[in-house]
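Here is the structure we will look at.
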Amino acid sequence: FLAIDEAHCISEWGHDFRSTYLMLGKNSQRFAKTKSEKAVSLIGLTATASFDVLADIERELQIQHNDVADAIIMIENTIRPELFFRVIDVTGRDRMNELNINFSNFGHNLQKLNDPTLIEKSQKHHHDNFNEAEQFNQNILFKNQSGELIELSAKTQNDFYAIVFCPVKGQGGHESGVDFVYQNLNSSSKGFFYSSETGEESKDVQEHFENFTSDRTQHIVCTKAFGMGIDKKDIRSTFHYVYSGSLESLVQEAGRSGRDKKISEANILISKSKYIKFDVYKFFSENKDYKLIQAKFTRKALRQAFEKRWN
């Protein structure tokens with residue numbers, strides 16, 4: 001077999017900054033063979049690919065039409081009954097201050113979810129709308145050995161593990177960057193992680209990474225470079241300091257929380273004033289002269305067109 005894990009990265013990252021991923025199809029068909037030169041079966045695994053991404057994976061892996069007829073595509077249930085999403089409106093407010101307020105209310109927010117009535121209502125919704133085979137499961141609640149609910153509201157943020165996702169490293173003082181959020185986060189046990197460019201920087205980043213994954217620190221502020229393949233089961237909450245770059249990214253990153261199947265949160269900080277109402281068809285009809293767009297619909301080309309229009 002030839003196995004490609006996190007196969008959505010071929011599409012999601014291959015077109016941006018991991019162009020070598022786009023060679024997986026060609027290289028697999030060229031080199032992944034048995035000793036008798038027979039082709040081997042290809043297995044692609046992902047939990048966060050949309051239908052468009054699946055089509056792109058098929059194209060980039062150079063799966064031919066006659067191969068598709070023999071392909072087995074398995075789509076499993078990805079419902080996470082223990083994971084609750086919360087949108088935090090920061091419109092007209094200090095985003096960092098709002099993050100710290102919610103961060104300080106960590107235990108109180110989890111306490112609201114540690115409620116059998118709420119969980120039963122939530123799981124009934126899942127049962128009725130998504131999965132009729134699903135049964136009510138109280139194991140996702142926090143209980144002591146006697147089966148009594150644990151009081152969580154008195155606990156602080158430093159009693160739980162959490163990830164704060166930022167869109168950029170922000171080494172130049174960017175207020176949505178990892179460095180800024182890390183320095184200002186209300187935590188007594190924190191680290192940071194992003195792709196590093198120098199040996200010294202890499203050493204610091206690796207130390208923070210190991211401290212978090214080995215339970216020596218409670219919180220980590222990072223870009224989406226953190227987490228792929230990380231299976232730290234006791235993360236209670238994720239915070240998206242700025243909305244994620246795509247729905248697939250959001251699902252992937254929010255899914256770091258609650259892998260021990262206990263109630264967990266995925267928080268998203270949203271400012272309504274940051275949105276732009278955008279007519280895609282009108283944009284392309286007005287920008288037909290952009291040769292980059294005419295030549296190839298790459299994400300890089302689209303970004304350049306957007307930046308030229310809106311600076």
Side-chain angles (χ1 to χ4, degrees), residues 83-115 118 151-195 201 204-205 208-209 211-212 216-227 232 234-247 249-258 263-277 310-311:
L83 185 58
F84 288 79
F85 285 80
R86 191 159 60 93
V87 176
I88 302 167
D89 187 355
V90 297
T91 307
R93 302 173 183 172
D94 185 301
R95 189 180 291 266
M96 190 68 232
N97 186 54
E98 291 299 314
L99 172 63
N100 278 327
I101 289 173
N102 281 275
F103 213 65
S104 299
N105 289 330
F106 212 130
H108 179 71
N109 292 334
L110 286 176
Q111 179 61 37
K112 290 180 180 179
L113 302 177
N114 202 39
D115 177 353
L118 176 68
E151 178 64 38
L152 301 173
S153 57
K155 295 181 179 292
T156 72
Q157 64 269 38
N158 295 314
D159 293 315
F160 302 99
Y161 294 101
I163 303 175
V164 181
F165 285 103
C166 298
V168 292
K169 291 195 271 188
Q171 291 167 303
H174 195 296
E175 290 191 0
S176 293
V178 170
D179 284 354
F180 175 83
V181 175
Y182 167 73
Q183 291 166 11
N184 292 280
L185 184 66
N186 182 14
S187 166
S188 62
S189 179
K190 57 187 177 181
F192 62 85
F193 184 88
Y194 42 62
S195 58
E201 183 182 69
D204 289 341
V205 168
H208 283 290
F209 173 83
N211 284 342
F212 182 71
R216 290 194 291 270
T217 55
Q218 304 293 111
H219 313 128
I220 194 160
V221 184
C222 59
T223 62
K224 67 177 183 180
F226 176 84
K232 184 172 170 56
D234 51 359
I235 294 169
R236 285 278 72 78
S237 189
T238 59
F239 290 83
H240 276 85
Y241 193 64
V242 177
Y243 49 87
S244 192
S246 69
L247 188 58
S249 294
L250 175 64
V251 171
Q252 179 76 233
E253 293 153 13
R256 310 272 176 248
S257 187
I263 55 168
S264 305
E265 277 196 323
N267 302 276
I268 314 166
L269 278 67
I270 294 291
S271 173
K272 297 174 185 176
S273 63
K274 295 290 184 182
Y275 287 104
I276 297 172
K277 190 174 182 180
W310 284 294
N311 192 24

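In this text, all values refer to a predicted model and were calculated from it rather than measured experimentally. No hydrogens, no waters, no symmetry mates; every other heavy atom, side chains included, goes into these values.
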Do you know which two heavy atoms are closest between [X] and [Y], and how far apart they sit?
| X | Y | result |
| --- | --- | --- |
| Ser237 | Asn267 | OG-ND2, 2.8 Å |
| Val178 | Cys222 | CG2-C, 3.6 Å |
| Cys166 | Val181 | SG-CG2, 3.7 Å |

For [Y], does its backbone N or O pair with a side-chain atom of [X] as donor and acceptor, under 3.5 Å?
| X | Y | result |
| --- | --- | --- |
| Arg236 | Ile263 | yes |
| Thr223 | Lys169 | no |
| Thr91 | Lys272 | yes |

Roughly how far, to the nearest 0.5 Å, is [atom2] of [Y] from [atom1] of [X]?
| X | Y | atom1 | atom2 | result |
| --- | --- | --- | --- | --- |
| Asp234 | Gln218 | CG | CD | 8.5 Å |
| Glu253 | Ile163 | CD | CD1 | 9.5 Å |
| Leu110 | Ser153 | CG | OG | 10.5 Å |
| Ser244 | Lys224 | OG | NZ | 7.0 Å |
| Ser264 | Leu113 | OG | CG | 9.0 Å |
| Glu98 | Tyr241 | CD | OH | 10.0 Å |

Go through it in stages, so that I can follow the logic: the residues are Val205 and Tyr194, the test is side-chain contact (heavy atoms from CB on, under 4.5 Å), and I'd like the CA-CA distance, side-chain angles, deciding distance and then a yes or no.
CA-CA 7 Å; Val205 168; Tyr194 42 62; 4.0 Å; yes
So do the side chains of [X] and [Y] get within less than 4.5 Å of each other, counting heavy atoms only?
| X | Y | answer |
| --- | --- | --- |
| Asn100 | Leu185 | yes |
| Arg95 | Val242 | yes |
| Gln111 | Glu151 | yes |
| Phe106 | Asp159 | no |
| Leu269 | Asn102 | no |

Take atom CD of Glu175 as the centre, draw a 6.0 Å sphere, and report whether it contains more than 12 heavy atoms from other residues, nucleotides or ligands.
no
Determine whether more than 12 heavy atoms belonging to other residues, nucleotides or ligands lie under 6.0 Å from atom NZ of Lys155.
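No, NZ of Lys155 has 12 or fewer neighbouring heavy atoms, counting only those of other groups under 6.0 Å.
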Report the C-alpha distance between Phe84 and Asn109 in whole Å, list the side-chain angles of each, state the deciding distance to 0.1 Å, and finish with yes or no for side-chain contact (heavy atoms from CB on, under 4.5 Å).
CA-CA 11 Å; Phe84 288 79; Asn109 292 334; over 6 Å; no
Which class fits the ring pair [X] and [Y]: parallel under 30°, tilted 30 to 60°, perpendicular over 60°?
| X | Y | value |
| --- | --- | --- |
| Phe192 | His208 | tilted |
| His240 | Phe165 | parallel |
| His219 | Phe103 | perpendicular |

Would you verify whether the NZ or CZ of Lys190 falls within 45 degrees of the ring axis of Tyr182 while also being under 6.0 Å from that six-membered ring's centre?
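Yes - Lys190 lies over the ring of Tyr182, closer than 6.0 Å to its centre and within 45° of its axis.
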For the side-chain contact (heavy atoms from CB on, under 4.5 Å) test, which of Asn186, Asn184, Ile101 pairs with Met96?
Asn184
Please determine which of Val164, Asn158, Thr217, Ile220 meets the side-chain contact (heavy atoms from CB on, under 4.5 Å) test together with Ser187.
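Result for side-chain contact (heavy atoms from CB on, under 4.5 Å) with Ser187: Asn158.
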